Amino acid sequence: MTKLIRSIKGTYDILPENSGKWQQLESTIRKIAGQFAYEEIRTPIFEKTDLFSRSVGTETDIISKEMYSWADRDGSSLTLRPELTASVVRAFIQHNLGGKAPLQRLFYMGPLFRRERPQRGRQRQFHQFGVEAFGSAHPEQDGEIISLAFSLLKALGLSDLSLNLNSIGSPECRKNYRNALQDFLRPFLSELSETSQKRFETNPLRILDTKAAHEIEIIQNAPNITAFLTEEDQSHFEAVQSFLNALNIPFILDSKMVRGIDYYTRTTFEITSTSLGAQDALLGGGRYDNLVEDLGGKPTPAIGFAAGMERILLAMGTMDESTPINTTDIYMVNLDLTGLSVAIKLTQSLRQAGFDVQFETLRRSMKAQMREANRSGAKYAFILGETEIQEKTVVIKNLNSGEQETKSIANIDEIIKNLTI
RNA sequence: GUGGGCGUAGCUCAGUUGGUUAGAGCACCUGGUUGUGGCCCAGGAGGCCGUGGGUUCAAUCCCCAUCGCUCACCCCA
């Protein structure tokens, strides 16, 4: 017996009954992004592995254990993109977009790949929508980005949202904070978990993110990064908050929020939904003022976020809901095989006139064809039987009223004019 | 990578304390109407009971393994 080939673990098919809500989500995204003057950028699905390790950070989970990488024929290491900011920054630098205009507002959407164990809200191939603004270091840019995020989620009808906000400052103050944190944690080192002990050296800030109860206890009294911000960082952070207040966007200050990607500076934020399970982050992002320079571009401040499209659909509660998108106006019922070419030609004329026409190709019984016409949601059934073909006519039946009349096919223009959909 | 739960029809699920042809609802097909949909009625098709092995006179059911799905840990969108 031949072994059935299934889709790869953590990947899934979007079937016709579900593609409608994806299209709706995509069009809402395009609409909101357009309102904020963001333009779409599309980058390749795979890149040089170095791009991700240099931007996201080699110690992060994404890079250290979640990438789909392979050696190309020339030996260079390539990777299916595990996130999109790196690719967008690469394109920004490669095409010198910063030289074309001082401010670039970009959005993207598409599939990403991370080799994690699948669970609710987490797939190995999943989709993100994101925005990036290059060029402005000012807090109003942060406000705009967060406002865009909120407008989108609101436009999608989502509630039960929580915006967490933090500033992790510039690299200098983070360095000072890192030292202070290590000094604080050192006496507790033996009490920490194995991973936390490892992170004590590699990335102590990540320990703040722990879920272990006894570690949370310890962290309670840890120094606060807010106290280490420079005056400029602090005033930037306060300005961002004042813009959010002006927009009536509620937020929670969370000085322990550490995001799992290394390139962030100053503002970081995350929006979670209480209607999801363990994977509750709908969207996360922040400022990355040094990344463009780190990847070889001219120093360019930037900020952006990425949103998980599957999670948004889950939070909307429509993930498993079937939303058909077919829009049949006319169902062409064919009963006479000698008249098929007449039926095909009539169908083409109707389509050219702008109608959505479904054409029977199964040669089923009339009853079956009429049932199909009814099921399709068509307003009209066009019936072409032996008599009609001989007399060059067509029976037009209104499926709502049940009324029908016979028309000469020669008067196709008049037929089209009298159809009301 | 680690742990829990679950695999019976296209879908949602019954079921057998191990016993002959494994069921229901929805969906599908045909007929009731020699060329007319929805509603109704009658009938039909569709299952290696996830896969492999073991115990047994007998396994969809019990045991083991395996694969798959799922939820959670970790981490993130």
Side-chain angles (χ1 to χ4, degrees), chain A residues 1 3-12 15 17 56 59-66 81-85 109-130 149 153 193-196 198-199 203 206 209-212 257-261 269-273 276-285 304-315 320 322 331 333-336 362 364-389 395-404 406:
Chain A
M1 187 183 167
K3 206 173 172 186
L4 290 181
I5 298 175
R6 311 183 88 267
S7 57
I8 292 163
K9 185 200 285 290
T11 70
Y12 64 104
L15 301 176
E17 65 203 43
V56 177
E59 296 303 323
T60 62
D61 283 9
I62 292 175
I63 302 307
S64 61
K65 56 184 190 191
E66 294 174 4
R81 61 188 189 194
E83 68 116 39
L84 254 158
T85 298
M109 50 180 137
L112 304 183
F113 307 85
R114 293 182 197 169
R115 199 182 188 293
E116 300 181 90
R117 194 75 167 260
Q119 72 187 75
R120 182 175 169 81
R122 194 175 69 188
Q123 298 286 329
R124 290 184 173 182
Q125 175 174 347
F126 62 105
H127 299 79
Q128 279 189 352
F129 149 71
L153 298 178
S193 68
E194 200 178 324
T195 47
S196 288
K198 199 182 281 177
R199 283 174 185 160
N203 194 348
R206 287 275 298 281
D209 214 20
T210 183
K211 307 286 190 303
M257 183 178 68
V258 177
R259 305 194 39 76
I261 295 173
F269 61 97
E270 193 171 276
I271 296 179
T272 56
S273 164
L276 294 181
Q279 310 302 322
D280 62 353
L282 288 179
L283 162 167
F305 71 77
M309 295 172 74
E310 280 84 357
R311 288 187 188 177
I312 286 174
L313 289 172
L314 280 172
D320 304 313
S322 155
Y331 196 95
V333 174
N334 308 308
L335 300 174
D336 182 2
L362 283 175
R364 282 179 288 189
S365 68
M366 181 164 198
K367 185 187 175 107
Q369 291 193 46
M370 288 303 293
R371 187 170 51 229
E372 191 67 48
N374 185 59
R375 196 164 27 213
S376 74
K379 180 157 185 195
Y380 296 98
F382 275 40
I383 301 166
L384 285 165
E386 204 178 339
T387 321
E388 288 76 26
I389 293 300
V395 170
I396 299 174
K397 176 162 186 172
N398 184 317
L399 291 171
N400 295 330
S401 66
E403 290 165 9
Q404 66 181 46
T406 305

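In what follows, chains are A, B, ... by sequence order, proteins preceding strands, each numbered from 1. Just so it is clear, the structure is predicted and the values come from calculations on it, not from any experiment.
For Gly10(A) against Gln123(A), the heavy-atom pair with the smallest separation is O-OE1, 2.9 Å.
Across all strands shown, rU66(B) forms a Watson-Crick or G-U wobble pair, both distances under 3.5 Å, with rG50(B). In this entry rU55(B) has no Watson-Crick or G-U wobble partner, no candidate having both defining distances under 3.5 Å. The pairing partner recorded for rC61(B) is none, the criterion being a Watson-Crick or G-U wobble arrangement whose two distances lie under 3.5 angstrom. Here rG3(B) sits opposite rC71(B) as a Watson-Crick or G-U wobble pair (both hydrogen-bonding atom distances under 3.5 Å). With a 3.5 Å ceiling on both atom-pair distances, rG38(B) lacks any Watson-Crick or G-U wobble partner. When Watson-Crick and G-U wobble pairs are counted only if both distances are under 3.5 Å, rG10(B) pairs with rC26(B).
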Any chance you could list the contact pattern along nucleotides 5-11 of chain B? Use B for base contacts, S for sugar-phosphate-only contacts and - for none, protein heavy atoms under 4.0 Å, 5' to 3'.
-> -------
Scoring nucleotides 66-77 of chain B by protein non-hydrogen atoms under 4.0 Å (B base, S sugar-phosphate only, - none) yields --SS-SBBBBBB
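Side-chain contact check for Leu84(A) versus Met109(A): every heavy-atom pair is 4.5 Å or farther apart. Contact check for Gln369(A) versus Leu335(A): side-chain heavy atoms found under the 4.5 Å cut-off. Tyr380(A) is listed as a side-chain neighbour of Asn398(A), based on a closest heavy-atom distance under 4.5 Å. In this structure the side chain of Glu83(A) reaches within 4.5 angstrom of the side chain of Val56(A), judged on heavy atoms. Side-chain atoms of Arg206(A) and Ser196(A), non-hydrogen and from C-beta on, never get closer than 4.5 Å to each other. The shortest distance between side-chain heavy atoms of Leu153(A) and Ile312(A) falls below 4.5 Å.
Protein atom CG of Asn374(A) is 5 Å distant from nucleotide atom C1' of rG38(B), rounded to whole Å. Remark: C1' of rU36(B) and CG of Leu399(A) are 10 Å apart, rounded to the nearest angstrom. Rounded to whole Å, the distance from CD on Glu388(A) to P on rG35(B) is 12 Å. Counting to the nearest Å, the C1' atom of rU34(B) and the CG atom of Leu335(A) are 13 Å from each other. One atom, CZ of Arg371(A), and another, C1' of rG31(B), lie 11 Å apart when rounded to the nearest Å. The distance from atom NZ of Lys367(A) to atom C1' of rG32(B) is 7 Å, rounded to the nearest whole Å. Separating the OH atom of Tyr331(A) from the C1' atom of rG38(B) is a distance of 16 Å, rounded to the nearest angstrom.
More than 12 heavy atoms of other residues, nucleotides or ligands sit less than 6.0 Å from atom CG of Leu362(A).
Atom CD of Glu403(A) sits about 10.5 Å away from atom NZ of Lys397(A), to the nearest 0.5 Å. The line from CZ of Arg311(A) to CG of Leu283(A) is 11.0 Å long, rounded to the nearest 0.5 Å. For the atom pair CG (Leu399(A)) and CD1 (Ile396(A)), the distance works out to 12.0 Å, reported to the nearest 0.5 Å.
At the heavy-atom level, Ala381(A) lies nowhere under 4.0 Å from the strands shown. Using a 4.0 Å heavy-atom cutoff across all strands shown, Glu372(A) reaches no nucleic acid atom at all. Using a 4.0 Å heavy-atom criterion, one finds that Ile383(A) contacts the bases of the nucleic acid, with or without backbone contacts as well.
Only the C1' atoms considered, rC61(B) is 13 Å distant from rU56(B), to the nearest whole Å. When the C1' atom is used for both rU55(B) and rC11(B), the distance is 36 Å, rounded to whole Å. Annotation: rA58(B) and rG32(B) have their C1' atoms spaced 45 Å apart (nearest Å). To the nearest whole angstrom, the two P atoms, one in rA24(B) and one in rG4(B), are 37 Å apart. Annotation: rG38(B) and rC26(B) have their P atoms spaced 15 Å apart (nearest Å). Across the C1' atoms, rC40(B) and rU66(B) are found 50 Å apart, a figure rounded to whole Å. Between rG23(B) and rG46(B), the distance separating the two P atoms is 14 Å to the nearest Å. As rounded to the nearest Å, rU12(B) and rU17(B) have P atoms that lie 26 Å from one another.
The base of rG35(B) does not come close enough to the side chain of Gln369(A) for any donor and acceptor atom to sit less than 3.5 Å apart.
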